[in-house]
Amino acid sequence: MTMKTGLKKAPKIRIGVLYGGRSGEHDVSLCSAASVFSALDRNKYTVTAIGLDRDGRWYVQENPEIISDKDFGRKMALKKKGTWLVNHFEQKNKLHLYDIKNKNKEVIVDVVIPVLHGTFGEDGALQGLLELAMVPYVGADVIGSAVGMDKDIAKRLLKEKGIPVVPSVTVNKQHWRENANAKNIMKDALAKLGLPLFVKPVCTGSSVGVKKVKKKESLAAAMNFAFQFDNRVMIEKAIDCREIECAVLGNEKPAGSVLGEIIPQHEFYSYEAKYIDPNGAALKIPAQINKSLSDKIRKIAVEGYMALGCTSMARVDFFLDKKTGKFYLNEINTLPGFTSISMYPKLWEATGLKYGDLLDKLIELALDRHEKKLEIKTEGI
Ligand SMILES: Nc1ncnc2c1ncn2[C@@H]1O[C@H](COP(=O)(O)OP(=O)(O)O)[C@@H](O)[C@H]1O
Ligand SMILES: [Mg+2]
């Protein structure tokens with residue numbers, strides 16, 4: 001006798017991995033995407049690699065390939081074949097992509113994983129598009145992404161919660177360009193913050209545009225340099241610090257990982273130390289910090305994450321003053337580096353969640369957040 005089990009194999013979730021994009025972190029994204037693309041469990045998911053070129057055009061990769069780059073290591077190739085149209089109005093909760101020259105090549109995606117660091121990928125712009133499409137996606141939503149990217153607004157929200165942040169002043173380009181103001185701005189900043197200082201664009205990542213200023217004569221040049229990358233620049237007191245990071249994961253009830261430490265071999269954790277020099281920085285997991293302090297930092301990491309309206313995931317970075325032992329929340333990265341050796345997945349691995357399982361969890365969180373958003377009434381009273 002045969003028995004009908006009634007068990008039907010669940011259809012695989014169709015994942016779209018987005019990578020590349022219009023930011024200074026384009027190459028970094030190709031590396032993160034190579035790890036994400038290869039680790040997704042093909043028993044659960046069908047995976048489409050979708051490369052965004054430096055002009056923002058989308059290309060479905062028909063034969064996705066991971067290549068080796070002499071500077072960046074393993075990375076996703078980005079082949080610009082076809083003329084792909086992103087159609088986000090075709091069907092609710094799905095993203096459709098067509099090659100306009102060959103409509104049969106339609107691709108449908110149930111969940112997007114935007115592995116796009118920096119401008120247009122991490123700052124809420126792409127998240128806005130995905131909200132319009134009503135498609136579930138991994139990572140913070142519009143508000144968390146936008147606020148996480150803006151070091152000035154983020155700081156104000158953190159301060160409001162009583163979370164310690166590094167003293168700073170933020171300067172507008174227009175204000176700076178009026179020469180008398182420039183002199184006064186520098187005078188005031190030096191009086192308030194002393195030397196050395198850090199000067200950084202408000203909305204970049206990967207240390208792009210960041211300079212350490214040790215002499216007051218170098219401040220104007222550092223400001224002008226940073227203004228190339230943004231219309232707002234932050235001048236911050238330099239902290240002689242250890243750099244401590246915590247990985248946070250979750251929607252309504254986020255959890256923090258064990259802490260890690262970045263030990264830069266350069267004067268600070270610059271772009272070169274991050275990506276160019278293979279020995280630019282050492283990662284220490286877990287960070288050698290006593291339990292009560294690390295519990296406190298982990299708790300503040302989660303509070304900071306919630307203060308900025310983050311969901312899904314973020315890496316929360318701290319400065320720990322070597323002399324005073326005081327810590328400051330430096331910044332929250334909503335799309336942190338995601339190669340298999342990057343801090344964010346490594347911290348979860350050390351906390352007991354393997355790389356592949358972390359991806360499963362992120363997809364689950366994306367679907368859960370999406371479902372809850374669909375419950376929200378958008379018309380009528
Ligand atoms: N106030 C500061 N004191 C000490 N080091 C700093 C300060 N601000 C930035 N840095 C150094 O510059 C790096 C990059 O600055 P950060 O604010 O994290 O910008 P990004 O978003 O580009 O990573 C930090 O990891 C740290 O090494
Ligand atoms: Mg940083």
Side-chain angles (χ1 to χ4, degrees), residues 23-26 28-29 32 116-119 121-123 140 145-155 158 164-170 189-190 192-214 219 222-223 225-226 228-230 232-248 259-277 280-284 287 301 304 308 314-324 326-338 342-344 347:
S23 98
E25 293 166 273
H26 179 97
V28 185
S29 158
S32 292
L116 293 159
H117 311 300
T119 326
E122 190 174 351
D123 61 5
S145 303
V147 170
M149 197 69 193
D150 190 306
K151 292 183 167 66
D152 180 65
I153 308 271
K155 215 173 225 188
L158 295 169
V165 294
V166 180
S168 65
V169 290
T170 299
L190 286 161
K192 183 177 170 201
L193 309 169
L195 281 168
L197 294 166
F198 266 87
V199 174
K200 44 183 143 176
V202 167
C203 289
T204 56
S206 288
S207 303
V208 171
V210 179
K211 285 231 189 285
K212 184 172 183 178
V213 173
K214 294 183 199 160
L219 180 54
M223 296 290 290
F225 177 68
Q228 290 177 44
F229 302 96
D230 203 345
R232 281 172 303 146
V233 164
M234 185 175 269
I235 312 176
E236 235 177 31
K237 181 182 163 70
I239 309 294
D240 181 16
C241 61
R242 290 170 68 186
E243 301 198 37
I244 307 297
E245 306 190 339
C246 180
V248 181
L259 305 184
E261 178 168 8
I262 298 278
I263 308 168
Q265 304 300 315
H266 294 228
E267 187 161 11
F268 67 95
Y269 200 25
S270 60
Y271 186 87
E272 289 70 31
K274 283 179 182 174
Y275 308 116
I276 308 296
D277 177 357
L283 266 60
K284 185 119 183 88
L308 301 201
R315 199 191 67 225
V316 184
D317 298 351
F318 292 87
F319 293 151
L320 177 60
D321 192 313
K322 285 181 187 163
K323 286 192 205 89
T324 64
K326 191 170 154 50
F327 66 83
Y328 304 88
L329 198 162
N330 170 41
E331 60 158 347
I332 297 190
N333 294 287
T334 53
L335 271 164
F338 224 96
S342 295
M343 188 59 113
Y344 187 88
L347 287 175

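Remember, it's 1-based here, ligands and their atoms both numbered in the order they're listed. Along the sequence shown, residues are numbered consecutively beginning with 1.
Residues satisfying the salt bridge (Lys or Arg N to Asp or Glu O under 4.0 Å) criterion with K192, sequence neighbours excluded, are absent altogether.
Of the listed options E331, K200, M234, H266, K200 places a heavy atom closest to atom 8 (N) of ligand 1.
Atom 14 (C) of ligand 1 has as its closest protein heavy atom S207 OG, 3.3 Å. The closest protein non-hydrogen atom to atom 5 (N) of ligand 1 is F198 CE1, 3.2 Å. Of all protein heavy atoms, the one lying nearest to atom 21 (O) of ligand 1 is K151 NZ, 2.6 Å. Remark: minimum distance from atom 25 (O) of ligand 1 to any protein heavy atom is reached at E243 OE1, 2.7 Å. Looking at atom 12 (O) of ligand 1, its nearest protein heavy atom turns out to be F268 CD1, 3.2 Å. Here the protein heavy atom with the shortest distance to atom 13 (C) of ligand 1 is Y269 O, 3.6 Å. The closest protein non-hydrogen atom to atom 3 (N) of ligand 1 is I239 N, 2.9 Å.
For K212, the heavy-atom gap to ligand 1 stays at 4.0 angstrom or more. Ligand 1 lies out of reach of D317, whose nearest heavy atom is not under 4.0 Å from it. Put simply, part of G205 is less than 4.0 Å from ligand 1, judged by heavy atoms.
Atoms of ligand 1 lying under 4.0 Å from any heavy atom of N330, numbered from 1 in the order shown and given with element: 16 (P), 17 (O), 18 (O). Under a 4.0 Å criterion applied to the non-hydrogen atoms of E236, ligand 1 contributes the atoms 1 (N), 2 (C), 7 (C), 8 (N).
Checking S145 against D123 by side-chain atom types alone, no donor-acceptor pair falls below 3.5 Å. Side chain to side chain, S168 and K155 meet the donor-acceptor criterion of an N or O pair below 3.5 Å. For S206 and E25, the side-chain atoms include at least one donor-acceptor pair closer than 3.5 Å.
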Exercise for the section: Applying ring-ring contact (aromatic ring centres under 6.0 Å, His included), run through Y328 and F318 and close with a yes or a no. Expected result: CA-CA 6 Å; Y328 304 88; F318 292 87; 9.9 Å; no
Practice task
Take K200 and V208 through the test side-chain contact (heavy atoms from CB on, under 4.5 Å) and record every step on the way to the result.
Solution key: CA-CA 8 Å; K200 44 183 143 176; V208 171; over 6 Å; no
Practice task
Run the numbers on H117 and S23 for side-chain hydrogen bond (donor to acceptor under 3.5 Å, both in side chains), then give the verdict.
Solution key: CA-CA 7 Å; H117 311 300; S23 98; over 6 Å; no
Practice task
List the steps, then state whether side-chain contact (heavy atoms from CB on, under 4.5 Å) holds for E245 with I262.
Solution key: CA-CA 8 Å; E245 306 190 339; I262 298 278; 3.6 Å; yes
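In this structure, K211 fails the cation-pi test against F198, since its NZ or CZ atom is not both closer than 6.0 Å to the six-membered ring centre and inside 45 degrees of the ring normal.
Heavy atoms from other residues, nucleotides or ligands lying under 6.0 Å from NZ of K212 number more than 12.
With hydrogens and angles ignored, the 3.5 Å screen pairs no side-chain donor or acceptor of N333 with any backbone N or O of L335. S270 contributes a side-chain N or O that, together with a main-chain N or O of A273, makes up a donor-acceptor pair within less than 3.5 Å.
Taking a cut-off of 2.8 Å, the protein N, O or S atoms nearer than that to the Mg ion (ligand 2) are E331 OE2.
Annotation: Y344 is in aromatic contact with F338 [ring centroid separation under 6.0 Å].
With a 4.0 Å heavy-atom cut-off, ligand 1 is reached by the backbone of S206 but not by any atom from C-beta on. For T204, every heavy-atom contact with ligand 1 shorter than 4.0 Å involves the backbone, none the side chain. Residue contacts with ligand 1 for K274 involve side-chain atoms from C-beta outward but no N, CA, C or O (heavy atoms, distance under 4.0 Å).
Between the CG atom in D317 and the CD1 atom in I244 there is a gap of 10.0 Å [rounded to 0.5 Å].
In terms of polar-atom proximity, K237 is counted as a contact of ligand 1, with an N or O under 3.5 Å from an N or O of the ligand.
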